[in-house]
*Asks:* 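I'd like to ask you about the structure that follows.
Keep in mind that what you see is a predicted model, and the values were worked out from it rather than measured.
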Amino acid sequence: MDIGTVSTLNPAMVLLIAAFAAPAIVSIIGALRPAWVPSASILTTAIAFVVALWTFTQPNSVVEVSWAPTWHLMFHLELDGLARMYALLATGIGLFVVVYASRYIPLHLHHGHRAEGEQIRFFGFLLLFMAAMVGLVMSQDMILIFLFWDLTAVASYFLIGFDRMEEESRSSAQMAMLVTGITAVLVLIGAVVLDYEYGTFSLPEIIAEGELRGHASLALFLIMLGALAKSAQVPMHFWLPRAMAAPTPVSAYLHSAAMVAAGVFLIGRFYPLIAMDDDLLLLLQVIGYASMLVGGIIALTRNVLKQILAYSTISQYGYVVFMFGMGGKYGVAGATFYVLAHALVKSALFLTAGAVTRSE
């Protein structure tokens with residue numbers, strides 16, 4: 001679809017604009033009236049959430065614009081069922097977290113004797129992460145997927161390290177950035193290998209081929225490693241418990257409904273190709289089972305609420321990965337349902353843990 005034929009009410013573009021307008025508007029308002037930042041964040045996130053709901057009443061929409069034809073690069077967005085679900089998850093859980101953070105962050109800054117203006121940085125990066133997540137789930141060009149994927153890593157770095165005067169926060173943010181950043185390179189390498197084998201970065205075109213060519217299995221293996229690291233799966237799980245040094249709203253959003261969900265989303269997006277290789281499916285089963293076991297056992301040894309929930313997240317996403325490895329429509333449906341159920345329950349648990357901790 002050429003850009004000239006894209007309707008001004010194209011649901012995919014409306015959703016993307018609404019998502020990226022949120023951090024931009026909040027930053028502008030924050031520069032003028034820092035005290036208005038929480039309210040502006042709630043309003044802009046609510047608008048993005050309403051738009052995400054509205055897309056469920058609209059047909060599938062596509063935006064496809066060539067922006068580097070020599071390199072086979074397209075600005076290709078598609079609002080399909082998978083994209084709608086994850087966009088609703090990112091904006092819906094995001095709205096509840098922002099409402100919670102509107103009271104939590106001012107108190108957090110007050111107790112730390114920090115300036116009110118630091119709210120701008122917190123809410124700006126939180127909404128930027130939400131926008132990057134929305135862009136990621138709609139992307140169909142592998143380079144575009146990588147760009148949004150990396151944008152989530154950058155936003156999460158600043159959110160995890162929000163209490164930058166504390167050594168634990170700085171080191172935790174650096175570790176999360178190193179693990180997710182280095183493995184993101186594997187995703188890029190995998191995309192380049194697939195382009196070499198198929199002559200395109202368009203994921204739908206590659207899936208339509210219906211077969212794995214040449215080194216496609218190796219490329220998918222590299223992409224899977226990047227996705228599993230993002231979802232904190234064994235053996236790359238160690239960064240998530242340390243990331244609990246972040247303020248509670250960050251843990252509730254990134255580490256239960258957004259950042260770790262991005263990893264399993266990527267597996268879901270590439271799943272039609274992964275399902276063609278039995279060895280890759282077996283690997284998902286092994287890693288999923290190991291994560292279930294390791295995360296669950298270590299969670300039993302912790303006595304700090306957020307640490308228990310962090311290891312529980314590793315374990316619970318192990319179930320999701322294992323179900324993807326099982327294959328078939330029931331495995332995929334089970335994994336998808338589990339992501340939704342986990343996001344709703346675990347975000348609420350994190351917010352409750354924050355309230356309990358703050359009241360001590």
*Asks:* Trp149, Trp67: one ILVMFWY side-chain cluster at the under-4.5 Å cut-off?
*Replies:* yes
*Asks:* Locate the shortest heavy-atom distance separating Pro11 from Trp54; write the atom from each residue and the value.
*Replies:*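 Taking Pro11 first and Trp54 second, the nearest heavy atoms are CA-CZ3, 3.8 Å.
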*Asks:* Is atom OH of Tyr196 surrounded by more than 12 heavy atoms (other residues, nucleotides or ligands) closer than 6.0 Å?
*Replies:*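 Atom OH in Tyr196 is not crowded, with 12 or fewer foreign heavy atoms closer than 6.0 Å.
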*Asks:* A quick test of your reading: do over 12 heavy atoms of other residues, nucleotides or ligands sit less than 6.0 Å from CZ of Phe96?
*Replies:*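 Open: at most 12 neighbouring heavy atoms sit under 6.0 Å from CZ of Phe96.
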*Asks:* State whether the number of non-hydrogen atoms from other residues, nucleotides or ligands found under 6.0 Å of Phe75 atom CZ is greater than 12.
*Replies:*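 Result for CZ/Phe75: enclosed.
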*Asks:* Just by modelled atom types, is the Phe322 backbone N or O under 3.5 Å from a matching donor or acceptor in the Tyr289 side chain?
*Replies:*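 Side chain of Tyr289 to backbone of Phe322, a donor-acceptor pair under 3.5 Å: no, none is there.
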*Asks:* Judged by atom type as modelled, is there a donor-acceptor pair below 3.5 Å linking the side chain of Ser172 to the main-chain atoms of Ser169?
*Replies:*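 A pair under 3.5 Å: no.
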*Asks:* A quick test of your reading: do over 12 heavy atoms of other residues, nucleotides or ligands sit less than 6.0 Å from CZ of Phe221?
*Replies:*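 Incorrect, the count does not exceed 12.
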*Asks:* Taking the six-membered ring for Trp, are His255 and Trp239 parallel (under 30°), tilted (30 to 60°) or perpendicular (over 60°)?
*Replies:* perpendicular
*Asks:* Minimum heavy-atom separation for Ala184 and Phe146, please, with both atom names.
*Replies:*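 Taking Ala184 first and Phe146 second, the nearest heavy atoms are O-CE1, 3.3 Å.
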*Asks:* Does Asp141 use its side chain to pair, donor to acceptor, with the backbone of Leu144 at less than 3.5 Å?
*Replies:* yes
*Asks:* Do His342 and Tyr317 have ring centroids that are under 6.0 Å from one another?
*Replies:* yes
*Asks:* Under 3.5 Å, side chain of Ser315 to main-chain N/O of Met292, donor-acceptor pair present?
*Replies:* yes
*Asks:* Honestly curious: do Leu293 and Val260 fall in one hydrophobic cluster under the side-chain, below-4.5 Å linking rule?
*Replies:* no
*Asks:* Crowded around Phe56 CZ? As in, over 12 foreign heavy atoms under 6.0 Å?
*Replies:*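 Counting other residues, nucleotides and ligands, CZ of Phe56 exceeds 12 neighbours.
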*Asks:* Are Tyr157 and Val185 connected into the same hydrophobic cluster when the rule is that any two of I, L, V, M, F, W, Y join if their side-chain heavy atoms are below 4.5 Å apart?
*Replies:* yes
*Asks:* Taking the cut-offs as 6.0 angstrom to the six-membered ring centre and 45 degrees off its axis, would you call Arg33 and Trp36 a cation-pi pair?
*Replies:*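 Verdict for Trp36: a cation-pi partner in Arg33.
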*Asks:* Taking the side chain as every heavy atom from C-beta outward, state whether Met142 and Leu194 have any pair of such atoms under 4.5 Å apart.
*Replies:* yes
*Asks:* For the pair Phe125 and Phe158, name the ring-plane relationship: parallel under 30°, tilted 30 to 60°, perpendicular over 60°.
*Replies:*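 Phe125 vs Phe158 ring planes: parallel.
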*Asks:* Run the salt-bridge test on Arg213 and Glu209 with the 4.0 Å N-O cut-off and return the result as yes or no.
*Replies:* yes
*Asks:* Between Met244 and Ala310, what is the shortest heavy-atom contact and its length?
*Replies:*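 In this case the closest contact between Met244 and Ala310 is CG-CB, 3.6 Å.
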*Asks:* Picking from Glu118, His111, His110, what satisfies side-chain hydrogen bond (donor to acceptor under 3.5 Å, both in side chains) with Arg114?
*Replies:*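 With Arg114 as partner, side-chain hydrogen bond (donor to acceptor under 3.5 Å, both in side chains) holds for just one option, Glu118.
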*Asks:* Test of understanding: clusters of I, L, V, M, F, W, Y form through side-chain heavy atoms closer than 4.5 Å, transitively. Do Ile182 and Leu186 belong to the same one?
*Replies:*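 Ile182 and Leu186: separate clusters.
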*Asks:* Sequence neighbours excluded, which residues qualify as salt bridge (charged side-chain N to carboxylate O under 4.0 Å, His left out) partners of Asp80?
*Replies:* Arg269
*Asks:* Within the side chain of Arg121, is there an N or O that forms a donor-acceptor pair under 3.5 Å with the backbone of Phe162?
*Replies:* yes
*Asks:* If we only count heavy atoms from C-beta on, is the Glu78 to Met138 side-chain gap below 4.5 Å?
*Replies:*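 Sidechains of Met138 and Glu78: no contact.
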*Asks:* Please check: side-chain N/O of Arg242 versus main-chain N/O of Met175, any donor-acceptor pairing under 3.5 Å?
*Replies:*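 Not a single qualifying donor-acceptor pair exists.
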*Asks:* When you check the side-chain N and O atoms of Thr183 and Lys230, is any donor under 3.5 Å from an acceptor?
*Replies:*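 On atom types as modelled, these side chains do not qualify, holding no pair under 3.5 Å.
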